[in-house]
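FYI, the numbering just counts along the sequence from 1. Below, each value reflects all heavy atoms present in this structure, side chains not excepted, and no hydrogens, waters or symmetry copies. Every number for a ligand or one of its atoms is a count from 1 in the order of the listing.
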Amino acid sequence: MTMSFEPCEKYTNSALRAGDVDPYPQRLVGEFLGAVVSNDWVNKEYKLIVLAVHARALEAYAGQFFHLLCPSPDGAEVWMRRPMSIYRIDKKAGHLEFLYKAEGRGTRGMAMLRAGDEFNIAGPLGKGFTLQPGWKHIVVLGRGVGLATLAPLSQLAADNGVGVTAILSARNPDVVMSKALFESYGARTITVLDTDKTSEVSNVEKILEGLIAEKKADAFFTCGSSRLLALMQRLGKKHNIPGQVAMEQIMVCGFGACYVCMRTFEIDGVKTLKRVCRDGPVFNMQEAVGW
Ligand code: FES
């Protein structure tokens, strides 16, 4: 018997574009070719990329991430995909959005993409944020690009009828992140800055204590700052408020195989290692040891 092997498009390029028939609809994770809709600066440091993606990529939820195959900014190869948390999922438009700082080679290459280009993304990956029944109002506290990771909580909370107060910490007013997005979903935002010292831990603590007294803090969420994590852990313990933290970490495979992304956590006084990509990136706040 002779066998012939013919090239098959389905197997040589399995990444799905928007509108493609999905040969594996049961799979949660996939490789997708997003069409760049826009890739614009939102302030001096950050860009927002909007991608038209296949419907399966839109099944992502808040706190999950995609592994991005960034183009090279300089002709030399970019070896690894870059993990990036989802900023916004717009199911109606079929869009996925990422907010990023163009500072490394991968993100500088990403910053060069123009409308109409294709961008290879794999995901959604990891375990994201969860809301418990009975929570009426949550507090989100983040700094810098950590606020991009926390931003989809605004959408998740609004979809579940949960109120949000978002405390947005930044160096100066020009780099306050995600304010418009939080407010578009009905969240109350409080901006705290280094320039006027309102971002100091003592002031943020006062704001949090006020929200707890108003019964507006059924749960805490944070990302992007060890000192803010430590503050929320302390107040969480003091007032018995549960919390979740999204951890940032260098990754290689992104799906649990290489163990590059291990971090130390502390559970009931015992130190343990976990993979941020697969066991997280969202973890119980009280178990996190910080950045
Ligand atoms: Fe490979 Fe997490 S990046 S195990």
Any salt bridge linking Glu205 with Lys238? Criterion: basic side-chain nitrogen under 4.0 Å from a carboxylate oxygen.
no
Any protein N, O or S atom under 2.8 Å from atom 1 (Fe) of ligand 1? Found Cys253 SG, Cys258 SG
* To do: Would you please classify the geometry between the Phe129 ring and the Phe221 ring as parallel, tilted or perpendicular, with 30° and 60° separating the classes?
  => perpendicular
* Hey, is the main chain of Cys261 close enough, under 3.5 Å, to the side chain of Arg275 for a donor-acceptor pair? -> no
| said: Is it true that Ser199 and Asp194 share a donor-acceptor pair across their side chains at a distance under 3.5 Å? | reply: yes
Heavy-atom donor-acceptor pair, Lys47 side chain to Ala111 backbone, under 3.5 Å: yes
Closer than 3.5 angstrom, by distance alone: can the side chain of Arg88 be matched with the main-chain N or O of Gln155 as a donor-acceptor pair?
no
